[in-house]
Amino acid sequence: MRHWINAFVTLIFPTVVAGLVALIWNTTLGLITLCLWLFVALWSERQNISFFESWLNAPKPGSRPAVTARWEQVFKGLTKIQKRQRASEAALSRALDRFEQAARALPDAVILVNKASQIEWCNTRAEEYFQLKLNRDHGVQIDYLLRHPAFRVFMSNPDPEITLTLRLPRTGADRLVSVQMIPFGHEQGLLLAQDITEREQLEITRRDFVANISHELRTPLTVIQGFLETFEDVPSDNPEIFARGVELMSDQSRRMNRLITDLLALSRLENSSVVHEDIIDVSKLTHHVAAEARTLSNNKHRIDIHTASDLKILGAEDEIRSALSNLVSNAVRYSPTGGTITISWALIHDEPVFSCKDQGVGIAAEHLERLTERFYRVDKGRSQETGGTGLGLAIVKHVLNRHDARLKITSNPGRGSDFSIFFSSEKIAPQQELAV
Ligand code: ADP
């Protein structure tokens, strides 16, 4: 309806007026009136269009030029569209920000490349792994930066099913990453890289562990099997051979038993996350451990004890006992007859310290770093002769890790060793703290 009124005012009304003028006066005056009317109407439309043009070039939200009512409608409509567009732009930009934040926070490296393998975007992890800088390397072809022959081949024919393992340099040990290329968007690619260094390391440790255990168990089993075969061939009335065989087989089965006991102890330590907080009277424990060591030594060594009897700590008593006992029994096993072993328990610079000193064979400096590894032995023969499993110090290390304590080993080959456990002052049992 409004549309028809507008059409009437713009076209029919001036024509009717011009007709009337022509009727009343003459045709020429009527035509002049019509032309004048149309000229004014055209002029006004021209003005509106030029306002519209300049507004379109720099549209200011909320401001609208003074125009006729009809154009007012056009401006209103346009302003509505403009507002809707702005709102959807803002939503899009928020979604992009969120996506970028999420991609930045990913624990893996992400690089977005275009069809020419040029870097379009990457997250912080990617900058760290591949030593990139997004500002600097944006638009650079990725295989220019990663000059690995295998990576070039991988990039020449990317397949999302294939993963490539790369060794990337970094300070300290190299980083191992598994790389995957996923097609994305319009001929773009998403390069994902995951740090697998720890996983690989665990896999190597697991393989070594299985190989070591198999090796450790094979020796006693071979001895037992050898004797059993001998018994089959030897006449049953040869008691000497039987007695000797049974003795050696018992030795070997005891060795296997010790090995399995230590393995189970290690596995318990690795698998339990809770550490009990008993109040441990370490002084009392030291006397127990020393008594066991005297039995092991068979009075071949002198064992001295110096303890601060009122110093107690918090922790799992059975674990601490096993750690102390391993250190003291090692001191006996690696000391020649007549050697003195000194066990002490004291507060040194606010830290409770348990120390076990011996005058034994000692350890060369190059071995110290690796002593707490499972099955690491300096002298395998001596370890086995004295009933060692190669797991004692690994157990000590685990126990200490669980109690926030550290082990310090000082040793002089041929002169003796000192194994000291430093507990944190926070582990001092509360009632003791007052006394200290
Ligand atoms: P093992 O059962 O072989 O004694 P451990 O884990 O207890 O295993 O010790 C690892 C190695 O550390 C031993 O094989 C030995 O070579 C060395 N070692 C440990 N304690 C002493 C010590 N008090 N004196 C000399 N060497 C020691």
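Below, each value reflects all heavy atoms present in this structure, side chains not excepted, and no hydrogens, waters or symmetry copies. Counting starts at 1 for both ligands and their atoms, following the listed order. All values derive from a computational prediction rather than experimental measurement.
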Structural part of [X] in contact with ligand 1, heavy atom criterion under 4.0 angstrom:
| X | answer |
| --- | --- |
| H367 | neither |
| Y376 | backbone |
| D358 | side chain |
| V361 | side chain |
| I363 | side chain |

[atom]: which protein heavy atom is closest, and how many Å away?
| atom | result |
| --- | --- |
| atom 12 (O) of ligand 1 | L371 CD2, 3.3 Å |
| atom 7 (O) of ligand 1 | N330 ND2, 2.8 Å |
| atom 8 (O) of ligand 1 | G390 CA, 3.2 Å |
| atom 24 (N) of ligand 1 | Y334 CB, 3.3 Å |

In plain terms, say whether R167 and E200 are close enough for a salt bridge, that is, a side-chain N and a carboxylate O under 4.0 Å apart.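 Here R167 does not pair with E200 in a salt bridge, since their nearest N and O are not under 4.0 Å apart.
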Please round to the nearest 0.5 Å and tell me the distance separating atom CG of N123 and atom CG of L106.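 Spacing of CG (N123) from CG (L106) equals 6.0 Å.
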Specify whether F423 and W345 have parallel, tilted or perpendicular ring planes, treating 30° as the upper limit for parallel and 60° as the lower limit for perpendicular.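 Ring orientation, 0 to 90° scale: perpendicular.
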Select the closest option to atom 9 (O) of ligand 1 among L393, D379, L368, judged by heavy-atom distance.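 The nearest heavy atom belongs to L393.
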Run down the list A331, S335, S383, G362 and name the one with the heavy atom closest to atom 3 (O) of ligand 1.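 When every heavy atom of A331, S335, S383, G362 is considered, S383 comes closest to atom 3 (O) of ligand 1.
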Go through E240 and R244 one step at a time and tell me if the salt bridge (charged side-chain N to carboxylate O under 4.0 Å, His left out) criterion holds. CA-CA 6 Å; E240 259 175 49; R244 176 84 188 122; over 6 Å; no
Would you tell me whether [X] and [Y] have side-chain atoms, one donor and one acceptor, within less than 3.5 Å of each other?
| X | Y | value |
| --- | --- | --- |
| T389 | D262 | yes |
| R374 | T205 | no |
| R333 | N330 | yes |

Does some non-hydrogen atom of R382 fall short of 4.0 Å from ligand 1?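 Flag not set, R382 not near ligand 1.
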G360 near ligand 1, heavy-atom distance under 4.0 Å?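 Contact check G360 vs ligand 1: negative.
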Please say whether V378 places an N or O atom under 3.5 Å from an N or O atom belonging to ligand 1.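 The answer is yes, given that V378 and ligand 1 share an N or O pair closer than 3.5 Å.
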Measure across Y129 and L168 and return the closest heavy-atom pair with its distance rounded to 0.1 Å.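 That would be O-CD1, 3.5 Å.
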Could you list the atoms of ligand 1 found under 4.0 angstrom from a heavy atom of [X]?
| X | value |
| --- | --- |
| R333 | 1 (P), 2 (O), 4 (O) |
| S417 | 24 (N) |
| R377 | 3 (O), 14 (O) |

Any side-chain heavy atom of S272 within less than 4.5 Å of one from R402?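 Yes, side chains in contact.
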Stepwise side-chain contact (heavy atoms from CB on, under 4.5 Å) check, L393 with N326: CA-CA 7 Å; L393 291 182; N326 268 308; 5.7 Å; no
